Amino acid sequence: MTEQDGFKKSIIISLVLHVVVGVVLLVGMDFTAPKRPTQQASIIEATMIDSGIMSQQAKQLDAMRAERAQAAAAAEAQAAVVEAAEAMAIQQAAEQAQAQATAQAAAQEKAVAAEQAAAKAEQQKVAQSQAAAQEKQAAEAKAAVEAKAAEAKKVADAKAAANAKAVSDAKALAAKKLADEKAVADAQAKKQADAKAAEAKKAADAKAQADAQAKKVADAKAAADAKAAEAKKAADAKAAADAKAVEAKKAAEAKAVADAKAAEAKKAADAKAAEAKKVADAKAAEAKKAADAKAAADAKAKAAADAKAAASSQALKDLEAMMGDDLGQSSAPAAPSQGEIDQARAMIQQAVERHFQTSSTMQGRQCVVNVRLASDGLVLQVGEGSGDNAVCQAGIVAIRKASPLPMPKNPELIKQIQNLNLTLKPRL
């Protein structure tokens with residue numbers, strides 16, 4: 001049921017109540033015109049309004065108002081039930097319908113009050129005129145009034161019965177309609193409740209099915225995880241084997257590359273060796289040529305050295321002979337002269353130089369070495385030397401190799417040369 005349907009229903013109920021009230025009012029009113037006398041008479045006909053009838057009509061009007069209020073309350077309750085079942089929007093429409101019904105009821109009550117006031121004024125006016133007529137014709141009209149009153153009572157009773165029946169029918173109709181609507185609302189509520197229960201059951205069944213499916217999926221996932229773990233383990237083993245195979249393949253490829261590089265390197269080395277051999281042969285030829293030249297130079301130098309040594313030996317022999325002659329001629333040794341000392345020193349110098357190993361780096365350099373000798377020429381002590389280190393070292397070695405050094409026969413001369421300083425200068 002929509003908001004528009006509820007609003008239409010409220011309007012229909014209000015219209016029905018208005019019709020009922022209008023019917024009741026129409027039935028309760030007397031539309032018969034007063035009979036006018038056709039002939040002049042001394043008796044004036046007048047309608048007497050009984051206060052009891054007025055009171056009864058007032059009660060009937062009150063009852064109708066109460067019933068109308070009950071009907072309005074029933075309509076409001078019905079609208080409230082519908083509104084509560086449907087939604088808050090329907091409640092707003094019902095409140096609007098109720099407000100409209102209240103306004104209409106107020107207007108109707110106002111109209112009824114106006115009609116009652118007009119009727120009362122008319123009744124008062126008629127009563128005044130009737131009272132005047134009654135004062136004048138009281139005796140004559142009493143019988144007629146009583147008859148008229150009886151007739152009026154009969155009509156009023158009939159009208160009251162009709163009104164009561166109409167009100168009862170309206171009440172029954174409203175009650176039946178309310179009951180029908182309540183039954184429809186109850187049926188709809190029951191239908192909605194059943195639908196909700198079915199939805200809840202369906203949701204519960206779906207949840208149970210989903211839980212079962214989830215458990216099934218979880219079990220399948222666990223099995224799949226186990227299989228995946230096994231597969232991963234196998235894949236890891238395969239990956240390790242593949243990695244080893246790749247490493248072996250890489251090693252083989254690297255070995256092939258290394259072999260190729262080795263072959264290239266060997267080829268390059270062979271070429272380089274051939275080139276080096278060629279260069280070496282050329283250098284060997286140059287070296288041989290240089291060696292031959294050096295050998296010739298060495299031979300020449302050796303010949304010169306031999307000639308020099310022979311000359312030195314001859315000079316030494318001449319000195320020894322001279323010294324021997326001097327010793328044979330004089331039994332008492334004479335003091336050696338400076339020339340004899342220099343000659344003895346030169347002899348020792350020449351003996352050391354024969355063992356002196358020189359090099360081109362020593363050219364222009366010298367070393368002074370202090371030497372202490374025994375009387376027979378044995379070297380007792382050699383100083384560290386003063387001068388070029390290389391020349392000093394070579395000179396010390398030569399002095400030790402030359403020991404014992406040649407000494408003169410003259411004891412006085414020996415004493416002069418037992419502690420001497422030799423100046424060594426390489427001769428290249």
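Keep in mind it's a predicted model, so treat the numbers as computed, not measured.
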Query raised in the report: So Val391 and Phe356, side chain to side chain contact (heavy atoms under 4.5 Å, CB included) or not? Walk me through it.
Result: CA-CA 9 Å; Val391 177; Phe356 193 36; 4.0 Å; yes

Query raised in the report: Under a 4.5 Å cut-off applied to non-hydrogen side-chain atoms, are Arg354 and Lys401 in contact?
Result: no

Report summary line: Smallest heavy-atom separation, Val369 atom then Leu424 atom, equals CG2-CD1, 4.2 Å

Query raised in the report: Do the side chains of Lys177 and Ile13 get nearer than 4.5 Å, heavy atoms only?
Result: yes

Requested in this report: Flag the pair Asp211 and Lys215 as a salt bridge only when some basic side-chain nitrogen lies within less than 4.0 angstrom of an acidic carboxylate oxygen.
Outcome: no

Report summary line: Smallest heavy-atom separation, Gln349 atom then Leu422 atom, equals OE1-CD2, 3.4 Å

**Report entry** Side-chain ion pair, Asp205 and Lys202, N-O less than 4.0 Å
**Finding:** no

Query raised in the report: Can you tell if the side chain of Gln393 reaches within under 4.5 Å of the side chain of Asp388, non-hydrogen atoms only?
Result: no

Query raised in the report: Hey, what do you get for CD (Gln70) to NZ (Lys171), rounding to the nearest 0.5 Å?
Result: 5.0 Å

Report task. Can you measure from OG1 (Thr423) to CZ (Arg345) and round to the nearest 0.5 angstrom? Result -> 7.5 Å

Report summary line: Correct closest heavy-atom pair for Cys392 and Glu384 would be CB-O, 4.0 Å

Query raised in the report: Do the side chains of Gln418 and Ser375 get nearer than 4.5 Å, heavy atoms only?
Result: yes

Report summary line: For Leu373 and Gly377 the tightest heavy-atom approach is CD2-O, 4.0 Å

Query raised in the report: Should Arg372 and Val379 count as side-chain neighbours, where that means a heavy-atom distance under 4.5 Å?
Result: no

Query raised in the report: Looking only at heavy atoms, what is the nearest atom pair of Gln357 and Met362, with distance?
Result: O-CE, 3.9 Å

Query raised in the report: Between Asp225 and Lys227, is any pair of side-chain heavy atoms under 4.5 Å apart?
Result: no

Requested in this report: Apply side chain to side chain contact (heavy atoms under 4.5 Å, CB included) to the pair Met407 and Asp376, showing each step before the final yes or no.
Outcome: CA-CA 6 Å; Met407 298 296 286; Asp376 58 354; 5.9 Å; no

Query - Gln363 CD: over 12 foreign heavy atoms closer than 6.0 Å - result: no

Requested in this report: Determine, step by step, whether Asp169 and Lys165 satisfy the salt bridge (charged side-chain N to carboxylate O under 4.0 Å, His left out) criterion, reporting the C-alpha distance in whole Å, the side-chain angles of both residues, the deciding distance to 0.1 Å, and the verdict.
Outcome: CA-CA 6 Å; Asp169 292 340; Lys165 186 175 184 303; 3.1 Å; yes

**Report entry** Salt bridge flag under 4.0 Å for residues Arg427 and Glu353
**Finding:** yes

Report task. Take Arg68 and Arg65 through the test side chain to side chain contact (heavy atoms under 4.5 Å, CB included) and record every step on the way to the result. Result -> CA-CA 5 Å; Arg68 185 171 55 199; Arg65 290 193 188 98; 3.6 Å; yes

Report summary line: For Pro408 and Ile414 the tightest heavy-atom approach is O-CD1, 3.1 Å

Query raised in the report: Quick one: CG on Leu420 to CG on Asn370, what's the gap to the nearest 0.5 Å?
Result: 7.5 Å

Query raised in the report: Rounded to the nearest 0.5 Å, how far does CD1 of Ile341 lie from NZ of Lys415?
Result: 13.0 Å

Report task. Find the distance between CD (Gln56) and NZ (Lys153) and round it off to the nearest 0.5 Å. Result -> 8.0 Å

Query raised in the report: For the atom pair OG (Ser386) and CG (Asn421), what is the distance rounded to the nearest 0.5 Å?
Result: 9.5 Å

